[in-house]
Amino acid sequence: KLTQDPSMVLTPTLTLYLDANDNLNKAVGKGPGTLYQTHKETQKPPFVAKAAEIQYFPAESMAVFKGDAKASQGENSYSAPEIRYHIDKDSVLSYGGRVNLVILPKSLKK
């Protein structure tokens, strides 16, 4: 488990890459059940993603989800072979094939 407020990576195998000053450059989680979660804004549900591999780049405020990537925030969901999540911009980009996106209109939300 890697925690850097407000983000967390939970994974069976975690590899950390540090710079010369022992600052975290990159974290790579692999294996079944690999999960990323961040909760930047208390008025929104947490952003949660699962994938075969998760790469977390704290200095770039980015996470990359590879291999059957699935992400959700509340009732909204997103899936693709690869998803790149820009944490500071709260935006996602997909790569590598078919994308499935479900966004519920605000008028239908409870």
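These numbers come from the heavy atoms of this one structure, side chains and all, not from hydrogens, waters or symmetry mates. Here the structure is a predicted model, which is why all the values come from computation and not from measurement.
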- [ ] For residues Leu35 and Val48, report the shortest heavy-atom separation together with the two atoms involved.
- [x] CD1-CG1, 3.5 Å
- [ ] First locate atom CD of Gln55, then atom CD of Glu82, and finally report the distance between them rounded to the nearest 0.5 Å.
- [x] 7.5 Å
Task: Least distance between heavy atoms, Ser94 atom then Val99 atom - done: OG-CG2, 3.0 Å
Open item on the list: Side chains of Phe57 and Ile87, heavy atoms from C-beta outward: is any pair under 4.5 Å?
Closed with: no
- [ ] Enter the distance from Asn76:CG to Ile103:CD1 here, rounded to the nearest 0.5 Å.
- [x] 5.5 Å
Open item on the list: So which atom in Pro12 and which in Pro32 form the shortest heavy-atom distance, rounded to 0.1 Å?
Closed with: CG-O, 3.3 Å
- [ ] Give, for atom OG of Ser7 and atom NE2 of His39, the distance between the pair rounded to the nearest 0.5 Å.
- [x] 11.5 Å
Open item on the list: Ring-plane angle category for Phe65 and Tyr36, please: parallel below 30°, perpendicular beyond 60°, tilted otherwise.
Closed with: tilted
Task: Minimum heavy-atom distance Ile54-Ala49, with the two atoms named - done: CD1-O, 4.0 Å
TODO: Please confirm whether the backbone N or O of Asn23 pairs with a side-chain atom of Asn21, one donor and one acceptor, at under 3.5 Å?
DONE: no
Open item on the list: For residues Leu2 and Phe47: do they belong to one hydrophobic cluster (side chain heavy atoms under 4.5 Å, members Ile, Leu, Val, Met, Phe, Trp, Tyr)?
Closed with: yes
- [ ] Using a 4.5 Å cut-off on heavy atoms from C-beta on, say whether the side chain of Thr34 contacts that of Lys50.
- [x] no
- [ ] Scan side-chain atoms only and decide if Ser72 and Tyr78 contain a donor-acceptor pair under the 3.5 Å cut-off.
- [x] no
Task: More than 12 heavy atoms from other groups under 6.0 Å of NZ on Lys26 - done: yes
- [ ] Hey, could you give me the CG/OG distance between Leu101 and Ser79, rounded to the nearest 0.5 Å?
- [x] 8.5 Å
TODO: State whether Asp90 and Lys44 are salt-bridged, where the test is any N-O pair (Lys NZ or Arg NE/NH1/NH2 against Asp/Glu carboxylate O) under 4.0 Å.
DONE: yes
Task: Heavy-atom donor-acceptor pair, Thr11 side chain to Lys30 backbone, under 3.5 Å - done: yes
Open item on the list: Do Leu93 and Met62 sit in one hydrophobic cluster, given that two such residues count as connected whenever their side-chain heavy atoms are within less than 4.5 Å of each other, even indirectly?
Closed with: no
- [ ] Identify the heavy atoms of Leu18 and Leu24 that sit nearest to each other, and give their distance.
- [x] CD2-CA, 3.7 Å
TODO: Flag the pair Asn100 / Lys70 as yes when at least one side-chain heavy-atom distance between them is below 4.5 Å, and no otherwise.
DONE: no
- [ ] Indicate yes or no: at least one non-hydrogen side-chain atom of Tyr85 is less than 4.5 angstrom from one of Thr38.
- [x] yes
TODO: Check whether any side-chain N or O of Gln73 sits under 3.5 Å from a backbone N or O of Pro45 as a donor-acceptor pair, and report yes or no.
DONE: yes
Open item on the list: Test of understanding: clusters of I, L, V, M, F, W, Y form through side-chain heavy atoms closer than 4.5 Å, transitively. Do Val9 and Leu16 belong to the same one?
Closed with: yes
Open item on the list: Quick check: closest heavy atoms across Leu10 and Lys1, and the distance to 0.1 Å?
Closed with: CD1-CB, 4.0 Å
